Amino acid sequence: MKLLVYAVGTRMPAWVQTAWQDFAKRMPRDCALELHEIRPEPRTSGKTAQQLMHAEAQRIEAALPAQAWRVILDEHGRDLTTRDLANHLETWRGGGSDIALIIGGPDGLDPALKQTARQTLRLSSLTLPHPMVRILLAEQLYRAWTILTGHPYHRD
Ligand SMILES: C[S@@+](CC[C@H](N)C(=O)[O-])C[C@H]1O[C@@H](n2cnc3c(N)ncnc32)[C@H](O)[C@@H]1O
């Protein structure tokens, strides 16, 4: 099983890339964390937010593997604890499919794309900037894995 993160946004600052790598490289091969960046629609095109999100959704759809279990990251989703996330990770590992975790761009995600998700996760009740979401998600997935394996990184 792989954890495939599809995140709208390219050319991130070095600190974002460094933080991502720091957590991604800690994940074991059988739970690998991969980042797939989706090119954002230019914000100078005069398009509405709906049109921007629709264009980005088409790129996300084109990039997603057909069999992946889709999980949307959304501030409007259900709250969860890190232990809840560890339980999800355990279920995902048992399911066998790769997991596609989808993060929107500055305007969020197209409502039609959101409806295709099997699960929606909220990392916080705050609206987070999209570069921070990928880092926070990577850290929380690593933390969830350490809970499942009894690694001392996580302390209750
Ligand atoms: C700047 S936010 C977009 C905010 C937009 N108002 C919306 O309703 O989605 C960019 C992306 O980061 C993710 N995101 C932001 N805050 C989040 C949170 N608290 N939990 C989970 N994902 C979040 C979502 O995938 C969102 O599409």
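Both ligands and their constituent atoms are indexed starting at 1 by order of listing. No experiment lies behind these values; they were computed from the predicted model shown. Only this structure's heavy atoms are used, side chains among them; waters, hydrogens and symmetry mates stay out. By convention here, the first residue in the shown sequence is residue 1.
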### Task
Consider every N or O of Asp107 and every N or O of ligand 1, then say whether any pair is closer than 3.5 Å.
no
### Query
Is there a donor-acceptor contact under 3.5 Å linking the side chains of Trp92 and Gln119?
yes
### Task
Determine, for Arg26 against Glu139, whether the closest basic-nitrogen to carboxylate-oxygen distance falls under 4.0 angstrom.
no
### Query
Judging by distance only, is a nitrogen or oxygen of Pro129 under 3.5 angstrom from one on ligand 1?
no
### Query
Is any NZ, NE, NH1 or NH2 atom of the basic residue among Glu34 and Lys2 found under 4.0 Å from an Asp or Glu carboxylate oxygen of the other?
yes
### Summary
Smallest heavy-atom separation, Glu61 atom then Leu113 atom, equals OE2-CD1, 3.4 Å
### Query
Which heavy atom of the protein is the closest neighbour of atom 25 (O) of ligand 1, given with residue, atom name and distance?
Leu73 O, 2.5 Å
### Query
Evaluating non-hydrogen atoms only, which member of Val133, Ile102, Leu136 is closest to atom 12 (O) of ligand 1?
Val133
### Member of His54, Gln58, Arg59 meeting the side chain to side chain donor-acceptor pair (under 3.5 Å) criterion with Glu41
Arg59
### Query
Would you say Leu121 has any N or O atom under 3.5 Å from an N or O of ligand 1, going by distance alone?
no
### Query
Is there a heavy atom of Ile72 sitting under 4.0 angstrom from any atom of ligand 1?
no
### Message
Counting only heavy atoms, tell me which of Asp79, Asp74, Leu123 gets closest to atom 22 (N) of ligand 1.
### Response
Asp74
### Message
Distance under 4.0 Å to a non-hydrogen atom of Ile103: what atoms of ligand 1 satisfy this?
### Response
12 (O), 25 (O)
### Task
Give yes or no for whether the N/O distance cutoff of 3.5 Å, strictly under, is met between Ser124 and ligand 1.
yes
#### Entry: Contacting atoms of ligand 1, where contact means under 4.0 angstrom from a heavy atom of His130
10 (C)
### Closest approach of any protein heavy atom to atom 8 (O) of ligand 1, naming residue and atom
His76 NE2, 3.3 Å
### Task
Work out which heavy atom in Met1 is nearest to a heavy atom in Ile99; give both atom names and the distance.
SD-CG1, 3.7 Å
### Query
So, does Gly105 sit close enough to ligand 1 that a heavy atom of it is under 4.0 Å from the ligand?
yes
### Message
To check your reading of the model: name the closest protein heavy atom to atom 9 (O) of ligand 1, its residue, and the distance in Å.
### Response
Gly108 CA, 3.5 Å
## Note on the structure
If you scan protein heavy atoms around atom 2 (S) of ligand 1, the nearest is Leu128 O, 3.6 Å
### atom 6 (N) of ligand 1: the protein heavy-atom neighbour that sits closest, reported with distance to 0.1 Å
Glu75 OE1, 3.9 Å
### Query
Between Asp107 and Arg43, is the closest basic N to carboxylate O distance under 4.0 Å?
yes
#### Entry: Residues Arg122, Asp74: salt bridge by 4.0 Å N-O rule
no
### Query
When the ring planes of Tyr153 and Tyr142 are compared, do they come out parallel, tilted or perpendicular, using 30° and 60° as the limits?
perpendicular
### Query
Nearest to atom 11 (C) of ligand 1, what protein heavy atom do you find, and at what distance?
Gly104 O, 3.5 Å
### Message
Is it true that Arg143 and Thr82 share a donor-acceptor pair across their side chains at a distance under 3.5 Å?
### Response
no
### Task
Please check if any side-chain donor atom of Glu75 sits under 3.5 Å from a side-chain acceptor atom of Thr127, or the reverse.
yes
### Message
Under 4.0 Å from a heavy atom of Leu126: which atoms of ligand 1 are those, numbered in the order shown and with their elements?
### Response
16 (N), 18 (C), 19 (N)
